[in-house]
Amino acid sequence: LLDRGGRWFFNGHMLRPFMPGLGLYTPLTKPIRRPDFALTRLNDHPIFAGIDQNSLEESRGVAGFYGRGHNALPEGGLAVNGISAALFPIDWEWRRPAGGRIFSHAGNDLGGMGGEGGIGALLTQRVLAWCAGEIGSMSILVVHPGAYYHIESFEAAPYAAISTGWSGPRISAASASRTTTWCSSPAARRPIA
Amino acid sequence: MTPRIDQLAAYLDAGGTVVATGESESQLFLPGISFTPQPTNFWWWLTPGADLGVRIAAPEHPLFRRLTQRDITWHLHGWFDPPEGVEVLAVNGEGQPILYIDQVTTRGRMVITSLDPFFHHGSHFMPATTRFLDGFLPWMREELDR
């Protein structure tokens, strides 16, 4: 799915890294005190656009629900939110060199934060939109007749590196004669079960 | 788990021990279990002096050489109506069993509880659940090594 330009929103603790480039979850060092739960926006991201990260620190006056650690930031990944004074990357996005993107939230269900009817609902919509490639993408739709000229253009040097992650499935010789629609993340456009 | 009911039954009949915790719907895959869920008050501890009501029902049991009432108190998720002859170790505020050991329904042993220590320990969230496992797992190991 990722190689074909798909997206994966990973919500949880990475204990069994499932592909090269991913690393393990590291919890905050105990004893944990209230300042350790401080959240800081490190880089803008469409999932969090317009949302005050500090407003997600507490629920009913209790801190610690958002998360208590971080998944290792892959090389080349973008830290979105940091936790504690050390700014451990509790949220990050990684655009895989081999294609696709993974967003990691190393905590409780992101959609359950900030009240299910409020920011939580907005975050859920944003996560789904991000997975579908509707936000956070340079979404490129290329419609072409599937000739080998086009394959050359998308998959050979010098454009292969640029097209990686958005050009769509690698086309096989058998299907090259058919009209093909390429879009940014076809696998992620399937309904989410 | 339900496709494995026969395998679990065979394991128990061979003298095996099964531990089922939390909201794992153990009544669906283990024999003799009657469970009534209850709404969980996740915030009871915010009220000063509040008491969730959990009580040790068998203080003489070896498990409670390792665990105190504080170590079994975090959330209530429901209670059981167990068969005659089981060993009830802890109850909720209404005296209904929330942790018991059943060695009468099968030839093996079922440790049944609606407490959910594994979930919360793994989430790095609830110190009581870590204390529970610090006591429970060594006790279970000791029992199985006897």
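Note on naming: letters A, B, ... go to the chains in the order of the sequence lines (proteins, then strands), and numbering restarts at 1 for each one. Just so it is clear, the structure is predicted and the values come from calculations on it, not from any experiment.
In the hydrophobic clustering of ILVMFWY residues, with side-chain heavy atoms under 4.5 Å counting as a link, Leu122(A) and Tyr66(A) come out together. Ile112(B) and Phe136(B) sit in two unconnected hydrophobic clusters of ILVMFWY residues. Membership requires side-chain heavy atoms under 4.5 Å apart, directly or through other members. With hydrophobic clusters built from ILVMFWY side chains whose heavy atoms lie under 4.5 angstrom apart, Val18(B) does not share a cluster with Leu89(B). In the hydrophobic clustering of ILVMFWY residues, with side-chain heavy atoms under 4.5 Å counting as a link, Leu144(B) and Leu137(B) come out together. A continuous path of ILVMFWY side-chain contacts below 4.5 Å connects Trp79(B) to Leu52(B), so both sit in one hydrophobic cluster.
The number of heavy-atom neighbours closer than 6.0 Å to CZ of Arg4(B), taken from other residues, nucleotides and ligands shown, is 12 or below.
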Got a list of side-chain donor-acceptor pairs under 3.5 Å for residues 57-67 of chain B, not counting sequence neighbours?
from	atom 1	to	atom 2	distance (Å)
His61(B)	ND1	Leu63(B)	N	2.9
Arg66(B)	NH2	Glu142(B)	OE1	2.7

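For Tyr25(A), the part lying near chain B is the side chain, with the backbone staying farther off; criterion is any non-hydrogen pair under 4.5 Å. For Arg68(A), the part sitting under 4.5 Å from any heavy atom of chain B is the side chain, from C-beta outward, and nothing else.
Using non-hydrogen atoms only and a strict 4.5 Å limit, the part of residues 28-45 of chain B facing chain A consists of Trp43(B), Trp45(B).
Contacts with chain B were tallied for His13(A), Lys30(A), Arg60(A); Arg60(A) has the most, counting heavy-atom pairs under 4.5 Å.
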